[in-house]
Amino acid sequence: MDFKFTDEQDSLREAARDAIGRNRTEPVPGDAVHNEKMWQALAELGALGLPFPEDAGGMGAGPIEAMIVAAELGRVGARTAYADTLMAVTLLGQDELAGAAMEGSRLVVPALYEPMRAWSPEPARVTTDGSALEGVREPVPFAAAAPAVVTTARGDDGIAVYAIESPTFDGARLDLAGQSARHVGGDAHLRQALNLGTLVLAGEALGAMESALGLTVEYLKSRKQFGVPLMKFQTLTQRAADMYTSLELARSAIYFGAMSLAEDPEDDLTISRMKVITGKAGKHIGQEAIQLHGGIGMTAEYAVGHYTARLTEIEHSLGDTRYHLGRLAARVKDYGALDLVG
Amino acid sequence: MERGLSAEEAQFRQEMREFFTTKVPQEIRDKVAAGEELTKEDLATSHKILNEHGCAVPQWPVEWGGQDWSDLQRYIWLDEMQLANVPAPLPFNANMIGPVIATFGSEEMKKRFLPPTAALDIWWCQGFSEPESGSDLASLRTTAVRDGDEYVVNGQKTWTTLGQHADWIFNLVRTDPNAPKQQQGISMLLIDMKTPGVTVRPIQLIDGGHEVNEVFFENVRVPADQLVGEENRGWDYAKFLLGNERVGVAPTGWIKRKLASAKEYAASVAAGDGTLLDDPLVSARIAELECDLAALELTVLRVAANSHGGKPDPASSILKLRGSELQQDVLELIADIAGPSSLAWSDADGSEVPEWAHNATPVYLNFRKASIYGGSNEVQRGVISSGILGLKG
């Protein structure tokens with residue numbers, strides 16, 4: 001059991017921090033906007049192929065490294081298709097589009113949500129007869145940047161994965177009927193893709209929570225009311241201590257999620273626990289960060305609320321706390337005592 | 001980063017598991033599982049078996065009976081002990097005064113006290129809190145005045161856990177009332193409970209048990225060689241005592257054991273056509289507590305690896321805070337599972353309600369103490385906000 005990062009991993013963090021810092025733009029409310037300059041910087045860093053084998057065009061690192069990069073994105077509030085692309089590449093397997101995605105020459109995202117349907121990893125109303133697709137995916141992330149899309153559909157032989165190189169969007173909506181789709185394969189990589197995507201989102205949440213708490217602590221030190229800094233009020237500092245506790249517990253769970261996937265990419269029990277822990281911590285820290293700032297935390301020109309917005313998006317991506325808790329609850333009968341290290 | 005145990009660590013875990021489940025009497029472990037109050041004999045029997053096998057004081061220096069174990073090994077030792085429902089070695093001996101004497105005591109004091117402390121031939125209790133000094137411990141008023149080769153002690157201690165069983169007390173006393181800071185006038189004295197002038201009076205608690213006491217000192221004459229370390233340095237020793245342990249601060253093995261029991265209990269309570277374990281609200285609560293426990297246990301493992309050589313670390317405060325909250329949450333869950341079967345506390349012959357359900361409410365009430373003792377959770381939050389976040393109030 002070892003929670004320490006290697007020197008290479010520390011160097012990667014520094015390089016990612018530098019590249020991301022140079023290319024970030026000020027956050028704005030609303031739908032995420034694709035930042036091509038940032039994307040190319042990530043591609044140059046090798047981040048887009050980081051967890052994939054070298055013989056498949058990747059960098060031969062793993063989920064721990066992907067989580068490190070994601071945390072740096074989260075720390076400065078850079079909204080990118082990072083988790084999406086790593087999922088898409090996982091789903092694509094040997095497909096040629098994977099290479100283009102890893103190089104950054106083509107933005108590829110997964111389309112896994114159905115409009116007005118609670119999250120499920122299995123498609124319900126998206127179907128295939130073996131060649132053409134039927135159904136609607138919405139919202140598709142970063143649709144405004146005209147990405148290529150990987151999607152799943154239910155057919156006679158179970159769930160299959162399809163690539164659509166040049167989809168036609170209607171806003172963030174993708175009507176699959178009439179789109180030129182290529183059959184990629186079965187759903188053998190679906191669980192791995194979801195686990196990796198969930199981990200990367202959690203890594204981003206970790207960075208966002210760190211920054212939200214950091215800003216809050218600085219504000220409590222510098223902002224004066226009643227003639228004294230806010231940190232003179234225990235009602236505020238006690239709550240900041242609870243935020244720190246939530247952050248550190250989530251950090252442990254996210255690091256453990258990363259090392260668990262490095263060992264077993266299919267370990268969705270650990271990933272569900274991590275998602276629940278991260279979801280609860282994200283809500284706690286995000287809400288308290290705004291409250292402890294007061295009015296300034298509500299403004300678009302100040303950073304803290306944007307972290308809360310991003311944490312809220314992450315909570316609702318790839319299954320929320322309710323979904324993952326339900327999945328875990330259904331399995332509590334399968335074992336007695338929790339055993340994390342065995 | 002690496003998940004899991006090495007082959008040697010897994011082997012060590014197996015040895016610990018076998019030791020705790022075969023050498024400590026089942027009868028004692030069953031009482032722990034059911035939340036029954038343990039007798040002095042139960043606690044002593046278990047402690048002595050642990051000590052005979054080198055498992056009572058592994059965190060002590062090797063020359064005084066400790067083990068040269070890694071932090072991870074100590075975590076495994078504790079985890080397996082708690083999972084097997086083995087009562088912890090008496091904390092006043094093993095975690096409190098033992099390490100203090102080993103670190104700050106004279107050679108003579110070590111020789112005199114450490115072996116019987118490890119073997120529980122001396123049963124220690126803690127004389128820290130006073131009626132007017134709870135969280136504000138440094139305001140304590142019990143005095144010790146030097147008179148020749150003796151100190152004369154006067155005052156009152158309270159919340160003295162298991163003081164009714166104790167042979168000796170390690171006592172914080174004020175030796176310099178004129179020190180510029182309150183903390184600088186405090187010393188630590190070791191006092192034989194049989195010394196004339198020492199009186200113990202029980203305090204009844206809300207669970208119906210007698211766990212804590214008041215201890216009164218009236219002109220108690222204490223040989224000066226029972227002063228720990230130096231005069232007026234007692235506050236440093238007290239801080240060391242309260243903060244030197246990180247692996248054991250959060251009882252994650254205990255919580256794990258209780259959560260596993262909660263599943264069995266829920267499966268044994270009929271509800272509708274099935275059991276309470278089939279109730280989605282109950283299984284979701286269990287699942288959520290397992291998530292909270294996982295986060296805490298992983299944090300224990302993560303901070304144990306960054307040990308600061310036994311110095312107090314504010315990270316301990318996170319473990320104390322969340323460990324006590326989770327202990328309380330899991331006992332609340334068990335009391336809720338027992339439901340109406342928890343309403344009768346006493347276990348009369350012929351009762352169809354099992355022991356754990358009779359005990360569910362008193363045990364739940366008893367552990368409201370966990371967020372108060374050892375530095376209340378509000379104090380811990382203060383340590384985090386000022387010591388880690390730099391928020392100076």
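Naming convention: chains lettered A, B, ... in sequence-line order (proteins, then strands); numbering from 1 in each chain.
Neither the backbone nor the side chain of B/Ala10 comes within contact range of chain A; no heavy atoms are under 4.5 Å apart. With a threshold of 4.5 angstrom between heavy atoms, A/Asp267 approaches chain B through side-chain atoms but not through N, CA, C or O. Looking at B/Leu83, the atoms closer than 4.5 Å to chain A (heavy atoms on both sides) all sit in the side chain, from C-beta outward. The parts of B/Lys256 that come within reach of chain A are both its backbone and its side chain, each placing non-hydrogen atoms under 4.5 angstrom from that chain. Of the atoms belonging to A/Phe233, not a single heavy atom falls under 4.5 Å from chain B. With a threshold of 4.5 angstrom between heavy atoms, A/Ile277 approaches chain B through side-chain atoms but not through N, CA, C or O. Residue B/Ile255: no heavy atom, backbone or side chain, is found under 4.5 Å from chain A. With a 4.5 angstrom heavy-atom cutoff, B/Leu321 touches chain A only via side-chain atoms. Of the two parts of A/Leu340, the backbone and the side chain both hold a non-hydrogen atom closer than 4.5 Å to a non-hydrogen atom of chain B. At a 4.5 Å heavy-atom cutoff, B/Arg285 makes no contact with chain A through either its backbone or its side chain. Using a 4.5 Å cut-off between heavy atoms, A/Ala240 contacts chain B through both its backbone and its side chain. A/Val217 touches chain B through backbone and side chain together, each having a heavy atom under 4.5 Å away. A/Thr270 touches chain B through its side chain: at least one heavy atom from C-beta onward sits under 4.5 Å away, while N, CA, C and O do not. With a 4.5 angstrom heavy-atom cutoff, B/Arg322 touches chain A only via side-chain atoms.
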* For the pair A/Glu248 and B/Arg302, evaluate salt bridge (Lys or Arg N to Asp or Glu O under 4.0 Å) and give the outcome as yes or no after the intermediate values. => CA-CA 10 Å; A/Glu248 289 308 311; B/Arg302 186 161 66 86; 2.8 Å; yes

* Stepwise, does the salt bridge (Lys or Arg N to Asp or Glu O under 4.0 Å) test hold for A/Arg239 with A/Asp242? -> CA-CA 5 Å; A/Arg239 286 160 69 176; A/Asp242 281 333; over 6 Å; no

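Taking 4.0 Å as the cut-off between side-chain N and carboxylate O, A/Glu204 and A/Arg75 do not count as a salt-bridged pair. A salt bridge is defined here as a Lys NZ or Arg NE, NH1 or NH2 lying under 4.0 Å from an Asp or Glu carboxylate O, and A/Lys333 with B/Glu264 fails to meet this definition.
Among A/Ile254, A/Ile64, A/Val341, the residue with the largest count of heavy-atom pairs under 4.5 Å with chain B is A/Val341. Options A/Asp339, A/Thr6, A/Leu328 differ in how many heavy-atom pairs under 4.5 Å they form with chain B, and the most are formed by A/Asp339. Across B/Cys291, B/Ala260, B/Ser317, B/Ser385, the residue that shares the most heavy-atom pairs under 4.5 angstrom with chain A is B/Cys291. Contacts with chain B were tallied for A/Met1, A/Lys280, A/His324, A/Arg273; A/Met1 has the most, counting heavy-atom pairs under 4.5 Å. Between chain A and the residues B/Asp278, B/Ile76, B/Thr299, B/Leu277, the largest count of heavy-atom pairs under 4.5 Å involves B/Thr299.
Side chains of B/Glu9 and B/Gln73: no donor on one and acceptor on the other come within 3.5 Å. In the model, B/Gln26 has a side-chain atom that pairs as donor or acceptor with a side-chain atom of B/Arg29 under 3.5 Å. Remark: the B/Asp136 side chain and the B/Ser133 side chain contain no N/O donor-acceptor pair separated by less than 3.5 Å. Remark: the B/Glu378 side chain and the A/Gln238 side chain contain no N/O donor-acceptor pair separated by less than 3.5 Å. Between A/Gln291 and A/Gln287, the side chains place no donor N or O within less than 3.5 Å of an acceptor N or O (distance only, hydrogens not considered). Between A/Glu315 and A/Thr321, the side chains place a donor N or O and an acceptor N or O closer than 3.5 Å (distance only, hydrogens not considered).
Between B/Phe19 and B/Trp77, a ring centre-to-centre spacing not shorter than 6.0 Å is recorded.
Figure legend: cation-pi geometry between A/Lys224 and A/Phe226 absent, as NZ or CZ is not positioned both under 6.0 Å from the six-membered ring centre and within 45° of its axis.
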